[in-house]
Peer 1: 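One structure, as structure tokens, below. Some questions next.
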Amino acid sequence: MGFRESLAKTLLAEEAVAVTARRQGNIEREVVDEKTGEITVVTEALISSDEPYIDLSLHLTPEEIHYRETSLWFQVKRFFWDGTGKHPKEQKYLSKLDFFVLTSSCLGYFIKNLNQSNISTAYVNGMDEYYTMDSNQYNYLTTLFTVGYIIGQIPSNLVLHRISARFYLGTLQILWAILTVLMITCGKDNIRGLYAIRFILGFVESGYFPALEYLLGSNFSAAELSKRSAFFAISGGLSGIISGPLQQAIIKRFGHSSLPPFKWLFVFDAVISFPIGIYTMFSDPNTPSTTDVWYFTEEDKLVGLERRRRDHAELNTRTPYTWTKIKSFFNTWHIYVFPVLFLCYNNTGAAIGQPTFTTWMKISLQLPSHDYNTWPSILSAVGIGITIIFAYTNDFLGGKKNFFFVSLYFICLLIGCALLAHWDIPRGLHWFCYFLIGVPTSWGQPFIFSWVNRLLFKNDMKRNFVVVCTNTLAYVTGAWVPIFVWNTKDKPVYFIGYTYTACLSALGLILTCIAYYFTKRDEKLEQLLDEESSSSLDIQHENIVEKSDEFN
């Protein structure tokens, strides 16, 4: 094999056809020629989905079964790591998967969010004065980034469906590191160059988040997904906590440098991004049917395929997109409910994402800067802790309680924003309301996307498409709605913003109930189909036995 062929095979991450080929049988079907009416018998290969790739069955003694059912210590271990009690081969595989997937995805999402938020940190630390941003220049920067982000998401993930994820995602990280460095070359009279770079940055970063959500759903089962999605989401939130202190440390160290301190922030972001991009290329596993990473043995690859087969998930992740397939995605409720549901989550998060809490403390309470700069981080920390607890609990219970946690998010936002819209409430209730709207923002995202991944695991292409559309719609509205509802002239009261958010939370709660209804309906239909299929197989088996008895 030549160099070009070898490189193409690596980048395209071909399906593991060699593994599935040995699991074939033959079927015969009749084909009628429409012109001549001639009937031809055609023999086709049939890949069995019932034959295991590798034996992962457990042969437990009665004593071991009793121990697992009664031991509190065993349940505690299983709560904290869901590999507990599984086959040793699966435990080894899951350990590798957890380490490499979570480190690469969490580091990547952290630096993506740090890179995305650095413009706001730079703005309040010298960029405003440097570029004389006395009009709408800052809004142009954020809007152009969002426009690039919206445009790039769907084509980016269409590409992801055809090539190796680890090389694609690693390349995206390296590209945005280079673009971030280029931002320092834009002089005082070249803010248009900064506009162009921010647009391209948004385009490059657009495919990263939905791609990682898709890959998490490709490698983990429903009962394993919530906590992994939670760690992924939390890593992005940490960037908001670190960005400010990082800029403060840079100002202190490079305050007298010829390069403005806010530009050093771009340099440090790029320096962090580049090695993470290289690490992603070596560590991201792709999907179980396309993995070619160095840390998986041939046995590990079979375990990955068997895990997906046991979950009845679609193994083929390289089928080409066609207009017929894309149109078929709009024939079910998922594409209509989940994008609007996530829009409600994403836009209600502005109730704490906007400087609502800080301006109340600064203007109404007249607290010192240390207090109003610290308390938002405390809200984030509490939210992270609660999110981890919820995610572990959901997975421990089977990974199917997303409805409860998403509903709880919208109920908290609805109550908190309704009270803040009234505004004339006791001070203690004010504090409580900001906790109600600030803490839940950490857990909404992972429970919505793990819900999508869990429901659509049997149709890999549709799952990818719905994940992308779900993320895209939120940014379409998030680009312009806050300008109207969160006018800074209203601070700290923000009556319009809180009223809008309370109404959006009510809509989100209704959509959550709708999604739950359709989820349960589909589960019942699938159960009925399984029972009918099983009954049909039993009848066929009885007929075969009867004919065999007659023959004998």
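All heavy atoms count here, side chains included; hydrogens, waters and symmetry mates do not.
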Peer 1: Looking at Gly304, is its backbone amide N or carbonyl O close enough to the side chain of Arg308 to form a donor-acceptor pair, meaning the two atoms are under 3.5 Å apart?
Peer 2: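 Checking the backbone N and O of Gly304 against the side chain of Arg308, no donor-acceptor pair under 3.5 Å is found.
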Peer 1: Are Lys92 and Glu299 close enough for a salt bridge, meaning some N to O gap below 4.0 Å?
Peer 2: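 Judged by the 4.0 Å cut-off on N to carboxylate O distance, Lys92 and Glu299 do form a salt bridge.
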Peer 1: Check each of Tyr149, Tyr109, Phe110, Tyr475 against Phe209 using the ring pair (Phe, Tyr, Trp, His ring centres under 6.0 Å) test, and report the only one that passes.
Peer 2: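 Only one of Tyr149, Tyr109, Phe110, Tyr475 forms a ring pair (Phe, Tyr, Trp, His ring centres under 6.0 Å) with Phe209, namely Tyr109.
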Peer 1: Have Thr146 and Thr143 got a donor and an acceptor in their side chains that come within less than 3.5 Å?
Peer 2: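 No, no side-chain donor-acceptor contact under 3.5 Å.
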Peer 1: Asp460 and Tyr214: side-chain donor and acceptor closer than 3.5 Å?
Peer 2: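 Yes, a side-chain donor-acceptor pair sits under 3.5 Å.
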Peer 1: Hey, is Glu224 close enough to Arg454 for a salt bridge, meaning N to O under 4.0 Å?
Peer 2: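 Looking at Glu224 and Arg454, the cut-off is not met.
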Peer 1: Considering residues, nucleotides and ligands other than Tyr336, do more than 12 of their heavy atoms fall under 6.0 Å from its OH?
Peer 2: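 Yes.
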Peer 1: Would you kindly say whether Asn286 and Ser164 are connected by a side-chain donor-acceptor distance under 3.5 Å?
Peer 2: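 Side chains of Asn286 and Ser164: pair found under 3.5 Å.
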Peer 1: Could you tell me which non-hydrogen atom of Tyr295 sits nearest to which non-hydrogen atom of Pro285, and how far apart they are?
Peer 2: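 Distance-wise, the nearest heavy atoms are OH-CB, 3.4 Å.
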Peer 1: Taking 4.0 angstrom as the limit, do Asp55 and Lys89 come out as a salt bridge?
Peer 2: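 Salt bridge between Asp55 and Lys89, a charged N being under 4.0 Å from a carboxylate O: no.
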Peer 1: Determine which pairs satisfy side-chain hydrogen bond (donor to acceptor under 3.5 Å, both in side chains) with at least one residue from residues 502-513, sequence neighbours left out, and list them in order.
Peer 2: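 As it turns out, there is no side-chain hydrogen bond (donor to acceptor under 3.5 Å, both in side chains) pair with a partner in residues 502-513 once direct neighbours are skipped.
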Peer 1: Given Arg307, which of Leu94, Asn219, Ile54 fulfils the side chain to side chain contact (heavy atoms under 4.5 Å, CB included) condition?
Peer 2: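 Only one of Leu94, Asn219, Ile54 forms a side chain to side chain contact (heavy atoms under 4.5 Å, CB included) with Arg307, namely Leu94.
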Peer 1: Taking the side chain as every heavy atom from C-beta outward, state whether Leu107 and Ile111 have any pair of such atoms under 4.5 Å apart.
Peer 2: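 Result no, sub-4.5 Å side-chain heavy-atom pair not found.
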Peer 1: Between Asp82 and Lys227, does at least one N-O distance fall below 4.0 Å, as a salt bridge requires?
Peer 2: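 The answer is yes: the pair qualifies as a salt bridge.
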Peer 1: Using a distance-only test with no angle check, is there a side-chain donor-acceptor pair under 3.5 angstrom linking Ser156 and Tyr168?
Peer 2: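 Present: a donor and an acceptor within the cut-off.
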Peer 1: Treating Asp395 as the side-chain partner and Ser226 as the backbone partner, does any N or O pair qualify as donor plus acceptor under 3.5 Å?
Peer 2: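 Side chain of Asp395 to backbone of Ser226: a pair is present.
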